[in-house]
Visitor: 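Dumping the structure here so I can ask a few things about it.
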Amino acid sequence: MYCEYTKELIMKNIEKLNSVIKYTIFVYILTFCMGIIMMLGYYKGSNLNILSTIQMFYPALIVIILFKKVEFPMLTKLYIAETLFGIVFGIISIFIDDVLGLFTLVNSIIHIVYLIIILKLIIQGRIGKLKIKNIFYWPIIYIIFWIIYFGGCAYLEGNFQLFTQKITNIHLWKNLIIYLPMFFINFLPFLGEEYGWRYFLQPKLENIYGKFSGRVMLGIIWGLWHIPLNLFFYDSPINCLHSIISQTLGCVILAFIFGFIYDKSKSIILIVLIHFLHNLMSKTFELDTVFQQTSYTITFFYLCLLFIICFAAILIMKWRGNEKNNSN
């Protein structure tokens, strides 16, 4: 009986591992093929905003196509249509600069339709409700973490005073509050990432390798997936090594933070909101003016912070293991 159970467990893990490998391969193929288009746009001096935005749709698209995770067919069809629309417009934008306005308009209309359908499903009770306290509690906790996180980076960069000036600027905080409602017409890209990374990939990796190793692996996969953006959008091919290393380490750290919040809240919608908030704060407080693109001090800080998080995770798991043994 025990052997049968063990064999069944091994088979399930192999099946999960195969789905992880399959998913990762296909999401990378799509991303790096579109990365070639991004490279062409970079060297042509084209606007890459559409291509950078539409890349965020790929993780969920691969889940939908490969694994047929279709709970709400209308939403799924609309998501696929939006992604394909974005890919087409992204390619066109390499050659024609004036399509960004049209893309933004159509993109906003699709978001509004998507939002109306989601609200209807919530009213019908077909989508779980998000607890009101979580909407305020976890974003505030994350804002505090974000300030400490990037404050440490700024300190090592020697730009802590500039970071402090920005973070204490009331005008910038007002802008943040003003732009927060944009979430309702700009949530699909963040849903695209989180549906792929947190909702689909995280539980599979954790079931196979455990929470600690699973999140490290998720962070690495997530970080390296940004390579086309690191090369041609966030930075340039000249600084690619530093950019890729920093991005990957940052994603490993965020995999622990986002994963922790997701575990506590059990809400993918909340993680989508926090991911949106993370990007919005980085843009609002103009982090690109605080950090030097060619400096390795951020990488050093990420390594230190990652070491602390990993050490804390190991201690917690060891403490929980001893607690279980004592209770038995």
Side-chain angles (χ1 to χ4, degrees), residues 22-66 78-111 186-197 220-251 275-276 279-280 282-283 286-289 291-295 298-299:
K22 184 179 178 182
Y23 171 79
T24 306
I25 288 173
F26 277 90
V27 80
Y28 273 31
I29 287 173
L30 176 58
T31 302
F32 285 95
C33 284
M34 291 303 296
I36 295 172
I37 305 297
M38 194 176 286
M39 179 184 68
L40 294 175
Y42 175 82
Y43 287 110
K44 276 178 62 65
S46 305
N47 190 321
L48 300 178
N49 283 326
I50 296 177
L51 285 171
S52 66
T53 299
I54 212 65
Q55 181 170 323
M56 298 174 73
F57 284 74
Y58 302 160
L61 180 70
I62 297 300
V63 175
I64 292 168
I65 293 174
L66 289 185
L78 198 60
Y79 185 87
I80 293 172
E82 163 73 343
T83 308
L84 295 176
F85 163 79
I87 290 173
V88 171
F89 263 71
I91 295 171
I92 292 173
S93 69
I94 299 301
F95 307 99
I96 304 173
D97 294 330
D98 297 333
V99 297
L100 182 58
L102 180 59
F103 170 79
T104 304
L105 176 62
V106 177
N107 188 49
S108 300
I109 292 170
I110 293 175
H111 270 78
N186 196 33
F187 64 90
L188 273 180
F190 301 93
L191 176 63
E193 279 207 49
E194 293 307 320
Y195 191 84
W197 306 131
I220 293 171
I221 293 169
W222 182 21
L224 295 178
W225 170 82
H226 287 84
I227 285 177
L229 297 172
N230 294 127
L231 288 173
F232 309 117
F233 188 71
Y234 299 149
D235 213 315
S236 68
I238 297 172
N239 300 321
C240 64
L241 182 61
H242 163 258
S243 181
I244 292 168
I245 291 172
S246 295
Q247 181 76 55
T248 304
L249 290 173
C251 283
H275 194 155
F276 171 81
N279 286 25
L280 180 62
S282 299
K283 186 174 181 179
E286 302 166 338
L287 288 192
D288 57 334
T289 64
F291 302 122
Q292 301 172 25
Q293 296 297 322
T294 56
S295 173
I298 296 179
T299 304

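Residue numbers start at 1 and run along the sequence shown. Model, not experiment: these values are computed from the prediction.
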Visitor: Could I get the full list of side-chain contact (heavy atoms from CB on, under 4.5 Å) partners for Ser108, not counting sequence neighbours?
Guide: Thr104
Visitor: Answer yes or no: is there a donor N or O on one side and an acceptor on the other, between the side chain of Ser243 and the main chain of Cys240, under 3.5 Å?
Guide: no
Visitor: Provide the closest heavy-atom pair for Gln247 versus Gly223 in the form atom of the first, atom of the second, distance.
Guide: CG-O, 3.8 Å
Visitor: Donor-acceptor pairs under 3.5 angstrom involving side-chain atoms of residues 31-39: please list them, not counting sequence neighbours.
Guide:
residue: Thr31; atom: OG1; partner: Val27; partner atom: O; Å: 2.6
residue: Thr31; atom: OG1; partner: Trp225; partner atom: NE1; Å: 2.8

Visitor: From Ile64 CD1 over to Thr83 OG1, what is the distance, rounded to the nearest 0.5 angstrom?
Guide: 7.0 Å
Visitor: How many angstroms lie between atom CH2 of Trp222 and atom OG1 of Thr248, to the nearest 0.5 angstrom?
Guide: 11.0 Å
Visitor: Take atom CG in Leu100; do more than 12 heavy atoms of anything else shown fall under 6.0 Å from it?
Guide: yes
Visitor: Just so I know, are the side chains of Glu286 and Asp288 near enough to count as touching, which here means a heavy-atom distance under 4.5 Å?
Guide: yes
Visitor: If you round to the nearest 0.5 Å, how far is CG of Leu231 from CD1 of Ile238?
Guide: 11.5 Å
Visitor: Nearest 0.5 Å, what's the CG-CG distance between Leu84 and Leu61?
Guide: 6.5 Å
Visitor: Tell me, please, which residues at least two apart from Leu40 pass side-chain contact (heavy atoms from CB on, under 4.5 Å).
Guide: none
Visitor: Write out all pairs satisfying side-chain hydrogen bond (donor to acceptor under 3.5 Å, both in side chains) with one or both partners inside residues 46-60, taking only residues at least two apart or from two chains.
Guide: Asn47-Asn49
Visitor: For Tyr28 and Leu224, run side chain to side chain contact (heavy atoms under 4.5 Å, CB included): C-alpha distance rounded to whole Å, both residues' side-chain angles, the deciding distance at 0.1 Å, then the answer.
Guide: CA-CA 9 Å; Tyr28 273 31; Leu224 295 178; 3.4 Å; yes
Visitor: Which heavy atom of Ile110 sits nearest to which heavy atom of Glu82, and what is that distance?
Guide: CD1-OE1, 2.9 Å
Visitor: Taking side-chain contact (heavy atoms from CB on, under 4.5 Å) as the test, write out the residues that go with Leu66, two or more places apart.
Guide: Lys22, Phe26, Ile62
Visitor: Could you pull out the closest heavy-atom pair between Gly196 and Pro59, with the gap in Å?
Guide: CA-CB, 3.9 Å
Visitor: Determine whether Ile87 and Leu51 satisfy the following criterion, side chain to side chain contact (heavy atoms under 4.5 Å, CB included), listing intermediate values before the conclusion.
Guide: CA-CA 7 Å; Ile87 290 173; Leu51 285 171; over 6 Å; no
Visitor: Gly41 and Ile94: which non-hydrogen atoms are nearest, and at how many Å?
Guide: CA-CD1, 3.4 Å
Visitor: Please give me the minimum heavy-atom distance between Phe232 and Tyr42, naming the atom from each residue.
Guide: O-CD1, 3.3 Å
Visitor: Supply the atom-to-atom distance Ile244 CD1 to Tyr234 OH, rounded to the nearest 0.5 angstrom.
Guide: 12.5 Å
Visitor: Taking His275 as the fixed residue, which of Phe190, Tyr195, Trp197 is the one that meets the ring-ring contact (aromatic ring centres under 6.0 Å, His included) rule?
Guide: Phe190
Visitor: Show the numbers, then the answer: is there a side chain to side chain contact (heavy atoms under 4.5 Å, CB included) between Ile109 and His111?
Guide: CA-CA 5 Å; Ile109 292 170; His111 270 78; over 6 Å; no
Visitor: Looking at Tyr79 and Leu188, would you say the former's side chain and the latter's main chain have a donor-acceptor pair under 3.5 Å?
Guide: no
Visitor: Tell me, please, which residues at least two apart from Ile96 pass side-chain contact (heavy atoms from CB on, under 4.5 Å).
Guide: Ile92, Val99
Visitor: Please report the closest heavy-atom contact between Pro237 and Tyr43, naming both atoms and the distance.
Guide: CG-OH, 3.7 Å
